[in-house]
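One structure below.
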Amino acid sequence: MEMSCFNQRVFLLTLLLPIVVILVEGQGTRVGFYSTSCPKVESIVSSTVQSHFKSDPTLAPGLLRMHFHDCFVQGCDGSILIDGPNAEKTAPPNQLLRGYEVIDDAKTQLESVCPGVVSCADILALAARDSVVLTSGASWAVPTGRRDGTVSQSSDANNLPGFRDTVDVQKKKFADKGLNTQDLVTLVGGHTTGTAACQFFSYRLYNFTSTGADPSMNPAFVSQLQALCPQNGDGSRRIGLDNGSANKFDTSFFANLRDGKGILESDQRLWTDNSTKTFVQRFLGVRGLLGLTFNIEFGKSMVKMSNIGVKTGTAGEIRKVCSKVN
């Protein structure tokens, strides 16, 4: 039996409606969400981050890491900011995160201008972008409209990407969040700024194998790191993740991976695994491969990451104080 034109249209609409709903729910954030409700939000966050950065430039990579750790647990909902004896921030991977005072400062200023409007999750997303810009990275448009989560548990942070993870494990953790292999390499490239404590990589320098250090490391670099992180030395001493360029957002991090100078084992593995090595090479402009521009791709991957599990509409809340659920 033939369907009338009208019935065909109704049938197609019925098929398409669930797809449209899914798309709308996945696009709950948008650039300029606060354009009328709090038009100065971006300038206030930017000036706050800049002010703190002038006093302590190491806060920039701290804010970038904080946003990443927030998004990978319960989605990008500011749950990393909540205080409590068993909150996310108390989990081992989060204990060295820095920059909470920057978010609190921006929130205080925004509450005086637009009370109850701007979420802590959005402040963190904007601050992460501003931190990249302050370390010579390119800017990108940050979609806003996230609402704040009300649950923060340290046990939920157990599945954060770890410094010993194989590439397969890293890819699985990223894929579970809707991020592909290119996103993985791009976002790990955020290690172009910041530091890591000796305790997270010194095991690579001593007795990693029966013959000594991790063979994927440059031998001269091993000697350099052994001097900085002696066996049984101060495990809290911090070393730049991007050797020679730890304060500048650039592609030298990828060059260091190529040269066997990745600090974290999980980072160096991006060069030794063919599925990720290709993207490292493309960021380095290796001849014969289609090049990728790190600054541009980083912004794209950050937008994808910043939309993981966002709470919008009536979900969650707008916290009055970022460290406390209302």
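No hydrogens, no waters, no symmetry mates; every other heavy atom, side chains included, goes into these values.
Neither Trp140 nor Ile296 shares a network with the other; the hydrophobic side chains, linked directly or stepwise wherever heavy atoms of I, L, V, M, F, W or Y lie under 4.5 Å apart, form separate groups for each. Residues Ile103 and Met305 are members of one and the same hydrophobic cluster, defined by side-chain heavy-atom contacts under 4.5 angstrom among Ile, Leu, Val, Met, Phe, Trp and Tyr. The hydrophobic cluster containing Val31 does not contain Phe33, counting ILVMFWY residues as joined when their side-chain heavy atoms lie under 4.5 angstrom apart, directly or transitively. Both Leu134 and Phe253 are assigned to one and the same hydrophobic cluster, defined by single-linkage of ILVMFWY side chains at heavy-atom distances under 4.5 Å. Placement of Val185 and Leu241 in two distinct hydrophobic clusters is found when ILVMFWY residues are connected by side-chain heavy-atom separations under 4.5 Å, directly or transitively.
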| message | Run Asn243 and Ile263 through side chain to side chain contact (heavy atoms under 4.5 Å, CB included) and show every step you take. | response | CA-CA 8 Å; Asn243 182 54; Ile263 296 288; 5.7 Å; no
| said: If you apply the rule side chain to side chain contact (heavy atoms under 4.5 Å, CB included), what do you find for Glu42 with Leu126, and how did you get there? | reply: CA-CA 7 Å; Glu42 295 211 19; Leu126 293 167; 3.8 Å; yes
| message | Please determine whether side chain to side chain contact (heavy atoms under 4.5 Å, CB included) holds for the pair Arg204 and Gln268, giving the CA-CA distance in whole Å, both sets of side-chain angles, and the decisive distance to 0.1 Å. | response | CA-CA 11 Å; Arg204 302 180 67 205; Gln268 189 59 54; 3.6 Å; yes
| side chain to side chain contact (heavy atoms under 4.5 Å, CB included) between Met217 and Phe208, worked out | CA-CA 11 Å; Met217 298 183 76; Phe208 185 83; over 6 Å; no
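There is no side-chain donor-acceptor pair under 3.5 Å between Ser216 and Arg269. In this structure, a donor-acceptor pair under 3.5 Å is present between the side chains of Thr29 and Asn307. Between Ser252 and Asp242, the side chains place a donor N or O and an acceptor N or O closer than 3.5 Å (distance only, hydrogens not considered). Checking Gln170 against Ser266 by side-chain atom types alone, no donor-acceptor pair falls below 3.5 Å.
Inter-residue side-chain proximity for Asn247 and Thr135 is flagged as unmet; no heavy-atom pair is nearer than 4.5 Å. Ser275 places a side-chain heavy atom less than 4.5 Å from the side chain of Val167. With contacts defined as side-chain heavy-atom distances shorter than 4.5 Å, the pair Phe221/Asn256 does not qualify. The shortest side-chain heavy-atom distance between Leu187 and Met302 falls under the 4.5 Å cut-off. Considering only heavy atoms from C-beta on, Glu101 comes within 4.5 Å of Leu59 through its side chain. The shortest distance between side-chain heavy atoms of Gln281 and Arg287 does not fall below 4.5 Å. Side-chain atoms of Leu63 and Phe53, non-hydrogen and from C-beta on, never get closer than 4.5 Å to each other. Residues Val45 and Leu110 form a side-chain contact, since some pair of their non-hydrogen atoms from C-beta on lies under 4.5 Å apart.
Going from atom CG of Leu284 over to atom CZ of Arg282 covers 12.0 Å, rounded to the nearest 0.5 Å. Taken from NE2 in His67 to CD1 in Ile80, the straight-line distance is 12.0 Å, to the nearest 0.5 Å. In this structure, CZ in Phe283 is found 5.5 Å from CD in Glu297, a value given to the nearest 0.5 Å. To the nearest 0.5 Å, the span separating OG on Ser112 from NZ on Lys107 amounts to 11.0 Å. The CD atom of Gln182 lies 8.0 Å from the NZ atom of Lys304; values are rounded to the nearest 0.5 Å. Of the inter-residue distances, the one linking His52 atom NE2 with Asp105 atom CG reads 3.5 Å to the nearest 0.5 angstrom.
Arg319 places a side-chain N or O within 3.5 Å of a backbone atom of Gly149 that can act as its donor or acceptor partner. Of the possible donor and acceptor atoms, one in the side chain of Asn326 sits under 3.5 Å from a partner among the backbone N and O of Ile318. Between the side chain of Lys320 and the backbone N or O of Gly116 there is no donor-acceptor pair closer than 3.5 Å. Judged by distance alone, the side chain of Asn86 and the main-chain N or O of Gln153 form no donor-acceptor pair under 3.5 Å. At distances below 3.5 Å, not a single donor-acceptor pair connects side-chain atoms of Asp148 with backbone N or O atoms of Gly316. A donor-acceptor contact shorter than 3.5 Å is absent between the side chain of Thr251 and the backbone of Phe254. The backbone N or O of Val73 lies less than 3.5 Å from no partner atom in the side chain of Asp156, so there is not a single donor-acceptor pair. With hydrogens and angles ignored, the 3.5 Å screen pairs a side-chain donor or acceptor of Ser152 with a backbone N or O of Glu88. At distances below 3.5 Å, at least one donor-acceptor pair connects side-chain atoms of Arg238 with backbone N or O atoms of Thr195. No donor-acceptor pair under 3.5 Å is formed between the side chain of Arg146 and the backbone N or O of Val310.
Looking at every heavy atom in both residues, Pro161 comes nearest to Phe72 through CD-CD2, 3.7 Å. Minimum interatomic distance between Gly313 and Arg147 (heavy atoms only, all atoms of both residues): O-CD, 3.0 Å. Asn94 and Ala157 make their closest contact through ND2-CB, 3.9 Å (heavy atoms, listed as atom of the first residue, atom of the second, distance). Across every non-hydrogen atom of Thr193 and Pro61, the tightest pair is OG1-CB, 3.6 Å. When all heavy atoms of Cys38 and Val117 are compared, the closest pair comes out as CB-CG1, 4.1 Å. Smallest separation of non-hydrogen atoms from Phe201 and Ala196: CE2-O, 3.8 Å.
Taking the centre of each ring, Phe294 and Phe249 come in below the 6.0 Å mark.
Residues meeting the side-chain hydrogen bond (donor to acceptor under 3.5 Å, both in side chains) test with Glu317, sequence neighbours left out: none. Among residues two or more places apart in sequence or in another chain, the side-chain hydrogen bond (donor to acceptor under 3.5 Å, both in side chains) test is passed with Thr278 by none.
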N/O donor-acceptor pairs under 3.5 Å from side chains in residues 227-234, not counting sequence neighbours:
| unit_1 | atom_1 | unit_2 | atom_2 | d |
| --- | --- | --- | --- | --- |
| Asp234 | OD1 | Ser236 | N | 3.0 |
| Asp234 | OD1 | Ser236 | OG | 2.7 |
| Asp234 | OD2 | Ser236 | OG | 3.4 |

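Between Tyr203 and Phe163, the ring planes are tilted. Angles from 30° to 60° get that label.
Salt-bridge formation is not detected for the pair Asp168/Lys172: no Lys NZ or Arg NE/NH1/NH2 atom is positioned less than 4.0 Å from an Asp or Glu carboxylate oxygen. Taking a cutoff of 4.0 Å between a charged side-chain nitrogen and a carboxylate oxygen, Asp56 and Arg98 qualify as a salt bridge.
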